[in-house]
Structure formats: C-alpha cells, structure tokens
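Contents: one structure, followed by commentary.
On a predicted model such as this, the values are computed, not experimentally measured, just so you know.
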Amino acid sequence: MSNVDENDLHEENQEGEEVQELSFEELGLDPRLIRALTKKNIEKPTPIQQTGIPLILEGKDVVARAKTGSGKTFAYLLPLLQKLLSDNNTSPSKALPPTAMILVPSRELCQQVYSEVLSLIELCRVQLKVVQLTGEPSFSEMATALSGPPHIFVSTPACVQRCLSSGVLQAKSVHDSLSILILDEADLLFTYGYEKNLKDLKTHIPKKCQCLLMSATSSDDVESLKKLYLHNPYILTLPEVGDGKDEIVPKNVQQFWIQCSYRDKLLYILAILKLDLVQKKVLIFTNTIDTSFRLKLYLEQFGIKSAVLNAELPVNSRLHILEGFNAGLFDYLIATDDSDSKEKDQTDENKQIVKKKFKKNKKRKVDLEFGVVRGIDFKNVHTVINFDMPTTAAGYVHRIGRTGRAYNTGQSVSIVSPEEMEIFEEIRLFLGENEDKDLTYIAPFPLLEKNAVEFLRYRAEDVARSVTKIAVKEARAQDLRNEILNSEKLKAHFQENPRDLDLLKHDKLLSKKPPAPHLRDVPEYLVDPTTLQASKFVKLTRAAFGRNNNNGSSRGFKGGRVNKKGWRSSQDFFFTR
Ligand SMILES: Nc1ncnc2c1ncn2[C@@H]1O[C@H](COP(=O)(O)OP(=O)(O)OP(=O)(O)O)[C@@H](O)[C@H]1O
C-alpha cells in the first residue's frame, strides 16, 4: 500500500506512479446517469467506483473486494446501466432479455438492489425494465415477473433455478442473451446454501458473459466462485497494512467497548441510551430473538421505544421495518441476525450441523433468505451497539459496517461480558491489534463514569426483574401475530398508497403494563456530574450536526479515528490478474 497523506488528492498507485482522482464524467459515464447521481446528492466516485467502473465498462471480469459501505453497489450498477443505455440506443431489438442478472443471497438485499436500480432508471428517464424475484414464487408470479421480458433480473440463485426448472425462464434465452452476471455479497452465496444452484446455473451461462464478483471480505467460497464463473479476472482488493487489516472497518467509524458482567449488560445499555451518550439512529444487535424482546420490553419501561427485526417475521414486515427505520420513523432497531452463525458453522466439519440447523429452522418457519447484517444499507445509522458479541470476527466487521457508510461517520459500542472475552480478543487480532496492544482499534467507551451506572442500578435491576421469561415469550408471540396480520394488510395497502409512512412505525409498545411515568426521565441528582457533562456535549454535537448526523460528529472524543476525507483514495486499491 502506498503510504501517503490522506488529504493529498494526488496519490501513488502500487507502482509508485502518481494517479489523479477522477470525476464521474472523467470515468466516461453517460450524462443521464451523472444527472441521476446528482439528484441523489452523489458527487464524486468512491475509490472502488473509480477503479472498478472503467474496468467493467471495458468488459473485464472483475472481483471487487472492498470494505463495508464503500459503494460497491454503484460500482457495478453504473457501468451496467451505462451498457444497457447504449444497447438500448443503438439496437433496441438486439438483445433477448434478461441481459443482466444480479444474484444476491437474501430477500432484503434483493429488494435493496432492485430499489437502487429502479430509482436510477427512473431518474435517467429511460425505458429499461428491472424485476426482482425471491423465495418460492408460484408459476404465475414467475411468469408475470419475467414477461416483458426484463432487461435486469435481480434474484437469488435458488429462485433463478426455480424459474429455469419450471421453464418460465428458458435456458436457451439465458444462453443467448445474458451478457452480464453479477454475484453480490459473493462470500455469502455458498454459506446461504446456494452452492448447488450456482454450479447448475453455470452450465447455462454463455462464455462471452461478463462476470462480476462483489464482496467485503474474502473467503474460500469467493475463490471457488471465482474459479467457477470468471475468466482471467481483474482482482480489485484492499491492500494489507503490515499484518493488519485496518482497512476492513472503515476509518470513519470509532469503535468502543465496555466490559461488564452478562447480567449488567441491561444496566449499561440503559445508561448509554437514557443518558444520551450515543448519537441516533441506533442499531442494536443481539444473538437471539428472545434477548431482543427482553431488551425491547426493558427499554420500553424507561420510555425508550424500539422495533425488533428477525428472521421469524413475515417478509413484508421485515422489508417495511427496514424502510421505516431508513425513513427515520424510529430511532432504535434491535436486530437479531442468524447469518453470522451460518458463517461460523461453514467449516467442513460443521456443514452437517448447519444442515440439521437449517432443517430445524425450516420447521420453526425461520426464513433462510433473511439477512440483516450483510450488505443492507441502513441509512444514517450513527451508532451500532453489540449487546451480544457476534460469534465471528467477520460477523463483527459486517455489523459495524452498518454505520459509517459512504462519507458518513459513525461509532460502535460493544458490551463485552467475561464469557465473550475470547471472541473479543479474536476480533481485536483480526482488526490488526497485536498482543501487546500498542495499536488499539477498539477503545474503552470514554463517556460513562462508574458512578453514573451505579446511580441507575436500583431502578434498572428492578425493571429487569419484571421482564420475566413469560413476558418475553408473550411479547414475542404477540409481535409475530401483529406482524402476520399487518403483513398482508401492508402488502395491499402499499400497493395503493406507496408513500404512506405511518404504517411503517414498528416500534409500538409490547409491554402489558404501560411504562411508569417516573422511569421515563432520569432526575439530574441520579446522574454523575462528569457523565452529565458528556451527555450535554453529545446533545450539543447532535444539535450542531442535525438530527441524523450525516456529516459526522464525535470528533472531540478521545480514542477516535476520524478520517477527514472519509475515504482513502482509489489508489489504496490495487489490482492484479
Ligand atoms: N460515490 C458516492 N458518494 C456518496 N455516497 C455514495 C457513493 N456511492 C455510494 N454511496 C452510498 O453509500 C452507501 C453504501 O453503499 P453500498 O451499499 O453500495 O456499500 P457496499 O460497499 O455495498 O457495502 P456492504 O459491503 O456493506 O454491502 C449507500 O447509501 C450509497 O447510496
């Protein structure tokens, strides 16, 4: 990696040549696309876009590995649309669609990518058809989606295979018309069980088809996919710094941790949220659905409303929860993501266990195409809290990657119990810390004085006791019932009123007893003076930067690693063949 000043616009590439940052115009993008980007307030390409777009426009096969939130989606969508725009102009009848296929591992990602393409197409005002299909659609759903036929088909590998085997999608048509295939979140595709689908699909992909593989982390699965689909590809990757992998977590994310007993986690999260020590919006991760409901019920008693998101909920609800959170309709989302454990279990010896687990999940009607952590572009999340630590270091990177996206800043707070110290140490090593800790990426959370926590202990423990296992069970069942009822209503309603946001408020109370008024506000005498100052400072910062803190904030905090420019330059990438 070149060791250069981050503020210097001209940096060196791997060979030491000086390379200038290019604008979208200089990358050769169609003016309609540039206008669409301007309308989305996107002004300059991120490094992966600078490097990737020209190669993709040239028709090269590319493997792009770049950190979370670095703009990989536009890195492939822009050149893809550019190609379709020019095809469309010059010879509209030449291609037998679908011309492009984008395969992703989860429904949420499918929806997200589809929305991005659609919005670009609408802003460009061109006649290109994009469709999405996931899950197990009926014959008529498949036939409707693929009639037309679409130029771009966004789907999961299993769903494409279903379309092929039912004959709705003709293998010959794929063979004759597919000119670009994109495998997004490539390292997850095998993990989600699509290995066989992808191997089967390969037989229908024409040799001339350009293939792109996008991923935030590398893995053996990415290597296998690369060998399976790509021909002599360009590999765009992040440089390793010494031994370290400091570029894995974006530099504009400050990482903190708090050590406490498992039992005290509720107390600490209450202190952080109730004393306003972190900026909103806040995405909280738990490892089990029960924990997420326990946390929700507990926070409710203190007047903190939150929504939960997990694989058990109907797909419509999940998509609307994401939409509501992104639209800023609620500030706290508690997510339980299973993909992390799917990843952990994907060693050879564990594959059997995973299969069993999948079967069990199927019985519990947990959606295996669900994924909150990987690739989902949560808008304006400023703080990620690990209430439970993830079970893998890669899981940590992807959770933290939900903040600090694009040019935004963000922070993470991991609440670590003694039982989680082993994985925490593993994560630190993964990020590049050494045994002596003379290089620290995750700093102790600086704003919470011990006294501040102790002052809250009595109330916190009292409320924690009231959130019994039975209350959790009932709340979980109630939420599921509500969401199932809502799900169908939502579907019908949004078909007619796509902009009605009120229904998206998923942070409604689940507690049977309404929260006690005296627990809503923490009286000043119960707040440690130093923490009170910190809290005022956080509030002032929030006010100065606007509610969602898009432009970043916490610069005054110690231990932060805010990068002024937000990005490293494209020359931080190198490519090999
Ligand atoms: N050039 C740009 N300038 C500013 N914002 C951008 C730019 N390109 C993309 N973005 C925004 O950055 C956010 C993250 O982009 P994207 O979802 O593509 O990241 P990613 O690299 O795919 O992340 P992940 O690995 O987590 O999937 C999105 O909200 C997107 O709109």
Side-chain angles (χ1 to χ4, degrees), residues 1 13-15 19 22 27-29 45-68 70-84 98-105 109 113 152-154 157 160 174-175 177-192 194-195 197-240 245 247-248 374-375 570-577:
M1 184 192 123
N13 68 6
Q14 217 187 359
E15 282 80 41
V19 187
L22 299 173
L27 293 178
L29 282 188
T46 64
I48 187 67
Q49 292 162 0
Q50 285 213 33
T51 325
I53 290 173
L55 288 172
I56 299 173
L57 283 175
E58 275 177 44
K60 308 283 193 246
D61 279 6
V62 169
V63 177
R65 186 166 76 82
K67 62 193 166 193
T68 55
S70 57
K72 292 188 286 296
T73 316
F74 283 157
Y76 69 77
L77 281 187
L78 294 171
L80 164 65
L81 287 174
Q82 167 108 347
K83 279 164 181 261
L84 292 175
T99 313
M101 221 188 260
I102 304 173
L103 299 184
V104 293
L109 267 171
V113 171
I152 305 173
F153 184 33
V154 190
V160 171
V174 173
H175 194 269
S177 67
L178 195 70
S179 67
I180 180 158
L181 173 72
I182 297 142
L183 305 173
D184 200 356
E185 298 293 337
D187 51 330
L188 258 203
L189 287 166
F190 281 5
T191 311
Y192 268 59
Y194 298 124
E195 186 169 351
N197 303 131
L198 285 161
K199 284 185 176 154
D200 291 350
L201 179 65
K202 171 68 180 96
T203 55
H204 305 299
I205 305 298
K207 269 222 168 74
K208 60 177 189 336
C209 177
Q210 181 182 15
C211 294
L212 312 174
L213 234 148
M214 319 301 288
S215 148
T217 39
S218 58
S219 69
D220 291 347
D221 291 349
V222 175
E223 273 306 299
S224 309
L225 267 174
K226 189 180 95 187
K227 285 195 190 114
L228 188 63
Y229 275 95
L230 280 69
H231 320 285
N232 197 19
Y234 278 80
I235 318 282
L236 304 187
T237 189
L238 286 166
E240 307 287 324
K245 295 162 181 163
E247 294 288 336
I248 287 178
R374 300 295 300 268
S570 60
Q571 289 70 53
D572 271 358
F573 293 87
F574 58 83
F575 46 85
T576 49
R577 294 192 82 172

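- The backbone N or O of Leu230 lies less than 3.5 Å from no partner atom in the side chain of Asp61, so there is not a single donor-acceptor pair.
- The shortest distance between side-chain heavy atoms of Glu185 and Val104 does not fall below 4.5 Å.
- Pro105 and Leu188 make their closest contact through CG-CB, 3.9 Å (heavy atoms, listed as atom of the first residue, atom of the second, distance).
- Judged by distance alone, the side chain of Ser215 and the main-chain N or O of Ala186 form no donor-acceptor pair under 3.5 Å.
- In terms of heavy-atom proximity, Cys209 sits nearest to Leu178 at CB-O, 3.7 Å.
- Side chain of Gln82 to backbone of Gly28: a donor-acceptor contact under 3.5 angstrom is found.
- Here CD1 of Ile180 is found 12.5 Å from CE of Met101. Values are rounded to the nearest 0.5 Å.
- Inter-residue side-chain proximity for Leu81 and Ile152 is flagged as met; some heavy-atom pair is nearer than 4.5 Å.
- Lys72 places a side-chain N or O within donor-acceptor distance of the main-chain N or O of Ala66, the cut-off being under 3.5 Å.
- Note that CG of Asn232 and NZ of Lys60 are 9.5 Å apart. Values are rounded to the nearest 0.5 Å.
- Looking only at side-chain heavy atoms (C-beta outward), Ile102 and Leu77 come within less than 4.5 Å of each other.
- Taking OG1 of Thr51 as the start and CG of Leu27 as the end, the distance is 9.0 Å to the nearest 0.5 Å.
- Of all the heavy atoms in His175 and Lys208, the pair that sits closest is O-NZ, 3.8 Å.
- Residues Gln210 and Leu181 form no side-chain contact, since every pair of their non-hydrogen atoms from C-beta on lies 4.5 Å or further apart.
- Counting only distance, with no hydrogens or angles, the side chain of Tyr76 and the backbone of Ile56 share no donor-acceptor pair below 3.5 Å.
- Closest heavy-atom contact between Phe74 and Pro79: O-CD, 3.8 Å.
- Counting heavy atoms from C-beta on, the side chains of Lys226 and Ile235 come closer than 4.5 Å.
- Within a 6.0 Å sphere centred on CG of Asp220, other residues, nucleotides and ligands contribute 12 heavy atoms or fewer.
- Between Asn197 and Leu103, every side-chain heavy-atom pair lies at or beyond the 4.5 Å cut-off.
- Heavy atoms only, all atoms of each residue included: Ala100 and Leu80 are closest at CB-CD1, 3.4 Å.
- Side-chain contact check for Tyr229 versus Leu183: some heavy-atom pair is nearer than 4.5 Å.
- Minimum interatomic distance between Ser70 and Ile48 (heavy atoms only, all atoms of both residues): O-CG2, 3.2 Å.
- With rounding to the nearest 0.5 Å, the separation of NZ in Lys202 from CG in Asp200 is 12.5 Å.
- Considering OG1 of Thr73 and CD1 of Ile182, their distance stands at 10.5 Å, rounded to 0.5 Å.
- With contacts defined as side-chain heavy-atom distances shorter than 4.5 Å, the pair Pro157/Leu201 does not qualify.
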